[in-house]
There are 2 protein chains.
Amino acid sequence: MRARGPSIEDVALEAGVSVATVSRALRGLPNVAEATRARVEEVAARLDYRADPSAARLATGRTQLVEIATPTVDGWYFSRFLAGAIDQLMSSGYETIARPVESPEEREEFLADPTQLKKRVDGVILVDLNIPEDVATQLHGAGVNTVTAGFSTQRFPSVLIDDVRVGHLATSHLIELGHRRIGLISGEPNHPLAFSVPGLRLAGYSAAMGEHGLMIDPLLEQSGRFTAQGGRIAMERLLALPDPPTAVFAMSDEMAFGAWRAINDAGLRWPDDVAVVGVDDHELAEMVDLTTVRLSPRALGAAAAQRLLDLIDGESVATTGLAARLDVVELVPRASTIGSG
Amino acid sequence: MRARGPSIEDVALEAGVSVATVSRALRGLPNVAEATRARVEEVAARLDYRADPSAARLATGRTQLVEIATPTVDGWYFSRFLAGAIDQLMSSGYETIARPVESPEEREEFLADPTQLKKRVDGVILVDLNIPEDVATQLHGAGVNTVTAGFSTQRFPSVLIDDVRVGHLATSHLIELGHRRIGLISGEPNHPLAFSVPGLRLAGYSAAMGEHGLMIDPLLEQSGRFTAQGGRIAMERLLALPDPPTAVFAMSDEMAFGAWRAINDAGLRWPDDVAVVGVDDHELAEMVDLTTVRLSPRALGAAAAQRLLDLIDGESVATTGLAARLDVVELVPRASTIGSG
DNA sequence: CGGCGCCATGTAAACGGTTACATTCGCGTC
DNA sequence: GACGCGAATGTAACCGTTTACATGGCGCCG
């Protein structure tokens, strides 16, 4: 291997001061004469000196590292959440460790050791992991700075999308257009990670239906597993019903794409034969003129990151409030429901 | 804050041995009596002791951290690359820092300080960043373990998709179907990061055309900026040509979706009016029956990670070879070129 | 039976910073 | 002119590991 770079001592020697002064000067601490600071900075620059982060970490106990755990790293939603969070964290000088947690086992493994976690990173963002309250208590007890996204606990700040509103928005849009028999393409009913999104959107759907005195036919709910292929199959089932729906609320755009395909295969067209509304505002939604409820996972990620930064800076939860419900959902009407006219 | 956890000294005291023995026992080093090891492990478990990674890093100079720099973190391709790489790295006990590098400025900033980089992480994977050779030399000089993906340098191992073959595969497929006038929806001609993918795929296209004695009409190349919207506009332009192509090679599926939209808007259909082949095998390609050249960014990411691990373990580049061209590209014929029969 | 070597363990010096506390110096005040 | 105080700097302990080197004990070989 190669020789290590210059140490703080080299700088101190060269600048004719003590290491303490170098440390103070370079970090912008007060009580350093301007002349001294300038000289130290000059020397540091000349020697191309940088503080070794590992040493700084050991001394201060802060890592400048944050870990973000998401069910996957390459999903449409999660990758955008990550992007937003990383942006925010980087601008505050933190690096981000991406940590996929795909199964309950991985989740246990990840959370099994809060003490270690606390030593590894300055904070953690848990996205759609729905941890039980007692695990949250453990984390809290170990002093791990934590923010949750997509679900909430009683101990940590959280950022949430108002998923009930998502369901309500989509459904009442369809109702207002005159639809009475509205199908539902939902998520895995018993997903291993049991994330709460499907349930909440379903609640919004039910509420909207109830408000208009419409009955909910359990036959009209089909799981699409949040994939295009799943959405396609779900739609095929709905269309095969003796009394098929005239409109469908798909809980994600990807599933709505599958629905689109099934509708086409059946020789039908939207919105006339079946109207469809999705969720996300996927880049490709516009290509098929899919009405959708736009989410902003990037904004959510950025908000989660900001709350974590506040937490790390010692902002008490009391001042920031526990759960922040972001008002970023918005209906984007397109031809899949309102026709092209 | 809370009290720190137990230190190695606490364990040593409790187990009645020295810290050195504890360290050796817990890390599975040789020359520790089995009885001693067992006792130390028991005590460590009882006290819930874990070595502080920061301290270990300082002492060993290894961080168990890898950084992956990609143009974005939420693109279809890059997020999957990341997922594959993270998987691989995790199974070897490394954590992964995700680092978006969206502009040349950010690239400079990221690479400006190889010394610091070397201290921060054990290795780096650069994806589609096309760094100049002299920067590579600097990195190499600083001793930063580096693997490049999607481009190559003279100093570091790289993993590559055979993008010439991608272009060739797509184009000759179209030629074999009888097409003679083949359009091209390519990437940004002068992308700020100047990544090499478009050029290589273009080369494959040109080669295939040449092999069959077909002329290349520069009017038939339009940039689609690798977005659906861009692909749509590009296709509109192609269709507006006095002598429009009978087939189009789009360099990504997302652009092909846009092309699909433009074709529909023009009242045409694929494959009869215009055949289209894309690249990626996006999840949604199947939904529109898009013929495509399947890539496996996950596999590429995993391969890159493995090469980096080899590098970190001191495997010499000589034994592994410099550039690995992964043979993962594969034509997936669907109805957008071959009809439904 | 003495010496040699090897195995298990201990001692203590790194690793490269941060920071509590001590020290020095200059200056204004009474 | 002595005193006190604050600003600038230095000294050295500390953060929690790893690891080179020293030590001691025991078995084996000649």
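Note that this is a predicted model, so its numbers are computed, not measured. Reminder, nothing fancy here: chain letters follow the sequence lines and each chain counts from 1.
Remark: B/Arg50 pairs with A/Asp113, B/Asp48 by the side-chain hydrogen bond (donor to acceptor under 3.5 Å, both in side chains) rule, at least two apart or across chains. For A/Thr137, the side chain to side chain contact (heavy atoms under 4.5 Å, CB included) partners at least two apart in sequence or on another chain are A/Arg155. Looking at residues two or more places apart in sequence or on another chain, you find a side chain to side chain contact (heavy atoms under 4.5 Å, CB included) between A/Ala304 and A/Phe81, A/Ile125, A/Val147, A/Val159. Listed by chain and number, the residues in a side chain to side chain contact (heavy atoms under 4.5 Å, CB included) with A/Val17 are A/Ala15, A/Thr21, A/Val22, A/Thr36, A/Arg39, A/Val40 (sequence neighbours excluded). Listed by chain and number, the residues in a side chain to side chain contact (heavy atoms under 4.5 Å, CB included) with A/Pro114 are A/Gln138, A/Leu139, A/Ala142, A/Val144 (sequence neighbours excluded). Partners of A/Glu106 under the side-chain hydrogen bond (donor to acceptor under 3.5 Å, both in side chains) rule, at least two apart in sequence or in another chain, do not exist in this structure.
Of the N and O atoms on the side chains of A/Ser23 and A/Arg27, at least one donor lies less than 3.5 Å from an acceptor on the other residue. In this structure, a donor-acceptor pair under 3.5 Å is present between the side chains of B/Ser103 and B/Glu105.
Atom CG in B/Leu26 sits about 12 Å away from atom C1' in D/dT17, given to the nearest Å. Taking atom CD of B/Gln64 as the reference point, atom C1' of D/dT18 lies 14 Å away to the nearest angstrom. Taking atom CG of B/Leu29 as the reference point, atom C1' of D/dT17 lies 13 Å away to the nearest angstrom. The distance from atom CZ of B/Arg27 to atom P of D/dG16 is 17 Å, rounded to the nearest whole Å. Straight-line distance from the CZ atom of B/Arg57 to the P atom of D/dT18: 13 Å, rounded to whole Å. Atom CD in A/Gln116 sits about 13 Å away from atom C1' in D/dG16, given to the nearest Å.
More than 12 heavy atoms of other residues, nucleotides or ligands lie within 6.0 Å of CD in B/Glu133, so this atom counts as buried by the packing criterion.
Listed in residue order, the members of residues 41-50 of chain B having a heavy atom less than 4.0 Å from DNA chain D are B/Tyr49, B/Arg50.
When heavy atoms are screened at a 4.0 angstrom cut-off, A/Thr21 is found touching the sugar-phosphate backbone but no base atom. Heavy atoms of B/Thr36 sit under 4.0 angstrom from primed sugar atoms or phosphate atoms, though from no base atom. Counting any heavy atom pair closer than 4.0 Å across all strands shown, B/Asn31 reaches a base atom. Nucleic acid contact class of B/Ser7 (heavy atoms, under 4.0 Å, all strands): sugar-phosphate only.
Using a 4.0 Å cut-off, no side-chain N or O of A/Ser18 falls inside it from OP1 or OP2 of D/dT11.
Between B/Leu58 and B/Ala33, the residue whose closest nucleotide on DNA chain C is further toward the 5' end is B/Ala33.
Read 5' to 3', the first and last nucleotides of DNA chain C with an atom closer than 4.0 Å to a heavy atom of chain B are C/dA8 to C/dG16.
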Nucleotide N/O to protein N/O under 3.5 Å, stretch nucleotides 20-25 of chain D:
none

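A salt bridge links B/Glu95 to A/Arg120: one of the charged nitrogens lies within less than 4.0 Å of a carboxylate oxygen.
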| said: Could you walk me through whether A/Glu41 and A/Arg37 satisfy the salt bridge (charged side-chain N to carboxylate O under 4.0 Å, His left out) test, starting with their C-alpha distance in whole Å, then the side-chain angles of each, then the deciding distance to 0.1 Å, before giving a yes or no? | reply: CA-CA 6 Å; A/Glu41 276 169 352; A/Arg37 192 189 304 275; 5.3 Å; no
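Overall bending of the helix from C/dC1-D/dG30 to C/dC30-D/dG1, expressed as the angle between end axes built from five pairs apiece, is 50° (10° steps).
Summarising the geometry of B/Val73 relative to A/Ser79, their closest heavy-atom pair is CG1-O, 3.6 Å, with the distance given to 0.1 Å.
The ring pair (Phe, Tyr, Trp, His ring centres under 6.0 Å) pairs that include a residue from residues 103-135 of chain B number zero, where partners must be two or more places apart or lie in different chains. Evaluation of the side-chain hydrogen bond (donor to acceptor under 3.5 Å, both in side chains) test over residues 52-62 of chain A, restricted to residues two or more places apart or in two chains, returns A/Arg62-A/Tyr94.
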